[in-house]
2 protein chains.
Amino acid sequence: MRTSTLTQIKSGPSGPVAHDQVRCSDCPIRYRAVCAQCEGDELAHLEQIKFYRSFEAGQPIVWEGDRMDFVASVVTGVAALTHVLEDGRTQMVGLLLPSDFLGRPGRALAAYNATAATDVVLCCFRRAPFDKMMQATPHLAHRLLEMTLDELDAAREWMLLLGRKTARERLASFIAIIARRQAALSKSRPAGRMELELPLSREAMSDYLGLTIETVSRQITALRRDGVIEVAGKRGVIVTDYARLVEQSGDDSDGGLPS
Amino acid sequence: MRTSTLTQIKSGPSGPVAHDQVRCSDCPIRYRAVCAQCEGDELAHLEQIKFYRSFEAGQPIVWEGDRMDFVASVVTGVAALTHVLEDGRTQMVGLLLPSDFLGRPGRALAAYNATAATDVVLCCFRRAPFDKMMQATPHLAHRLLEMTLDELDAAREWMLLLGRKTARERLASFIAIIARRQAALSKSRPAGRMELELPLSREAMSDYLGLTIETVSRQITALRRDGVIEVAGKRGVIVTDYARLVEQSGDDSDGGLPS
DNA sequence: CGTAGTCTTGAACCGCGTCAAGCTTGGTGG
DNA sequence: CCACCAAGCTTGACGCGGTTCAAGACTACG
């Protein structure tokens with residue numbers, strides 16, 4: 001049932017497309033998203049003002065400066081926030097994974113470009129009712145504060161990467177982040193040999209890491225040559241030993257990048 | 001009574017130094033800090049759990065991983081948050097100006113090093129009562145959410161700088177940020193000729209900008225040679241034309257970096 | 001089999017880091 | 001008042017890591 005509703009989305013060639021409601025109680029991100037602490041009436045109210053939108057990989061979600069009359073949780077897939085300078089230089093400034101929040105309550109204009117890095121499904125809330133609910137529901141405000149603080153921590157870890165790490169360390173850090181989040185999905189700790197699927201193209205990785213696409217490619221080759229990873233197709237990566245990968249990432253300790 | 005307990009702290013020559021209480025109603029950051037929207041009882045309660053601490057320029061406030069049993073607002077001065085890799089590479093990840101908030105409610109361990117970049121006065125709140133008050137006071141949580149979202153925006157602007165800007169653009173961006181905030185203090189818009197005092201040493205600037213101290217120095221010289229700025233002593237800078245400075249910063253539009 | 005999109009590889013270049021002196025300023029003591 | 005020193009800043013010479021520019025190679029898809 002759930003799955004069938006989701007497959008309907010895949011219609012429009014380029015536009016976002018709505019699809020049938022999924023009950024919040026069946027939602028895969030029920031206990032991790034903004035709504036995590038809502039129950040009963042609150043959840044019912046959220047259910048009323050929510051709607052789903054899907055985007056195919058590569059599609060824009062909003063442009064910087066555009067009016068955005070909803071906020072949303074990422075249900076499945078990966079979305080990227082980017083800043084672009086006038087001469088075209090691009091820097092990714094946010095990577096939104098399932099349960100992450102998109103948009104800013106109380107602000108109608110998007111501050112960054114948002115793009116679907118993979119196929120993405122968003123659970124959207126109309127802005128006005130959501131803002132009103134934020135005022136009335138301490139749960140919601142608290143949860144959002146907590147999530148925003150986590151994102152701030154992640155952004156600061158990322159600043160360390162951009163400001164001080166070498167190209168090799170950046171690649172190792174990125175792969176380690178993906179490994180960690182994949183382990184988190186199965187509620188295990190990352191360790192030993194791990195098979196991963198990178199959620200970003202080489203170009204998106206270069207935008208994330210503040211490098212060129214060529215340098216990304218070369219460093220992946222170098223990590224492979226040194227036996228830190230194996231490569232399987234364009235997106236597939238096998239980490240031969242997670243601890244060894246972390247060593248290459250330049251971080252003194254493991255941990256880092258929440259969510 | 002209140003003051004006497006605090007003045008006792010005033011012991012060590014290099015340790016933090018407390019000073020007499022200031023009434024919240026007289027506080028210079030009264031309407032910009034976390035407490036901005038608190039009135040009456042709420043303010044009185046905050047007043048009860050607050051205490052001041054001072055730090056001389058260069059002193060550490062907390063170390064990453066240390067227990068931190070307070071949160072605080074910066075009243076005067078500038079504090080820096082930094083990450084350090086094991087080999088000593090350092091990246092500043094936060095620059096706290098007056099009214100900015102230090103610490104994370106609900107987390108006792110510091111996630112970064114905090115250092116006084118100039119002489120700093122903090123208005124501290126003991127953690128436990130502050131956390132409790134956060135639960136009970138929607139005002140407070142909302143204000144903190146708003147401030148955290150602003151900081152996240154600033155961090156993302158900063159990521160663009162670290163990932164994609166040249167050394168010259170970074171310096172111009174930094175000086176423009178200082179110019180903007182100084183204009184904001186006198187409630188004017190930055191424009192034309194402006195005299196500034198940089199709140200950071202060359203070393204701190206290099207940590208902020210992801211450069212070496214030598215490159216910072218060279219780029220300041222270059223901006224001076226090109227007539228974009230004049231230099232007066234170690235910390236003094238005169239921006240000859242703010243618009244020209246912004247052109248050099250690589251940003252397509254003005255704006256950016258809230259707070 | 002051809003073609004487009006994505007990724008890889010190579011060679012040359014250059015911006016910034018590194019290393020090593022000098023310079024400027026302020027503080028201290030003779 | 002000046003000699004001395006330490007800390008912070010500036011300047012120069014040189015090398016390296018990552019960018020740039022330019023071909024190839026690998027898929028996926030007609």
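Worth saying up front: this structure is predicted, and the values here are computed from it rather than measured.
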What does A/L211 touch in the nucleic acid at a heavy-atom separation under 4.0 angstrom: a base, only the sugar-phosphate, or nothing? sugar-phosphate
Rounded to the nearest angstrom, tell me the gap between atom CE in A/M205 and atom C1' in D/dG18. 16 Å
Euclidean distance, atom CG of residue B/L209 to atom C1' of C/dG17 [Å, nearest integer]: 15 Å
Could you pull out the protein-nucleic contacts involving nucleotides 21-26 of chain D (nitrogen or oxygen on both sides, under 3.5 Å)?
from, atom 1, to, atom 2, distance (Å)
D/dC21, N4, A/E214, OE2, 3.1

Take the protein atom CG of B/L200 and the nucleotide atom P of D/dG8, then report the distance between them rounded to whole Å. 14 Å
Qualifying salt bridge (Lys or Arg N to Asp or Glu O under 4.0 Å) pairs, either residue in residues 71-82 of chain B, two or more places apart: none
OP1, OP2 of C/dT9 versus side-chain N and O of A/S217: anything below 4.0 Å? no
Is B/G210 touching bases, backbone alone, or none of the nucleic acid, heavy atoms closer than 4.0 Å? sugar-phosphate
Has A/T215 got a side-chain N or O lying under 4.0 Å from the OP1 or OP2 atom of D/dG18? no
So, do B/L162 and A/Q91 sit near enough that their side-chain heavy atoms are less than 4.5 Å apart? no
Take atom CD1 of A/I213 and atom C1' of C/dG5, then tell me their distance rounded to the nearest Å. 11 Å
By nearest heavy atom, map A/G233 and A/Q219 onto DNA chain D; which one lands nearer the 5' end? A/Q219
Using side-chain heavy atoms (C-beta onward) and a distance below 4.5 Å, is A/D150 in contact with B/R104? yes
Please, which pairs that meet salt bridge (Lys or Arg N to Asp or Glu O under 4.0 Å) have at least one residue in residues 227-248 of chain A, sequence neighbours excluded? A/R193-A/E230
Residue set satisfying side-chain hydrogen bond (donor to acceptor under 3.5 Å, both in side chains) with B/S173, at least two apart, ordered chain then number -> B/K165
Compare side-chain N and O positions of B/T221 against OP1 and OP2 of D/dT11 and report whether any pair is under 4.0 Å apart. yes
C/dG10 C1' sits how many Å from A/R225 CZ, rounded? 14 Å
Which whole-number value in Å describes the distance from B/L171 CG to D/dC9 C1'? 14 Å
Give the table of side-chain donor-acceptor pairs shorter than 3.5 Å for residues 212-222 of chain B, with sequence neighbours excluded, one pair per line with atom names and distance.
from, atom 1, to, atom 2, distance (Å)
B/T212, OG1, B/T215, N, 3.3
B/T212, OG1, B/T215, OG1, 3.0
B/T221, OG1, B/S217, O, 3.0

In whole angstrom, what separates B/R170's CZ from C/dG15's P? 14 Å
Whole-Å distance between D/dG17 P and A/K165 NZ? 18 Å
With sequence neighbours excluded, give me every ring pair (Phe, Tyr, Trp, His ring centres under 6.0 Å) pair touching residues 160-180 of chain A. A/F174-A/Y208
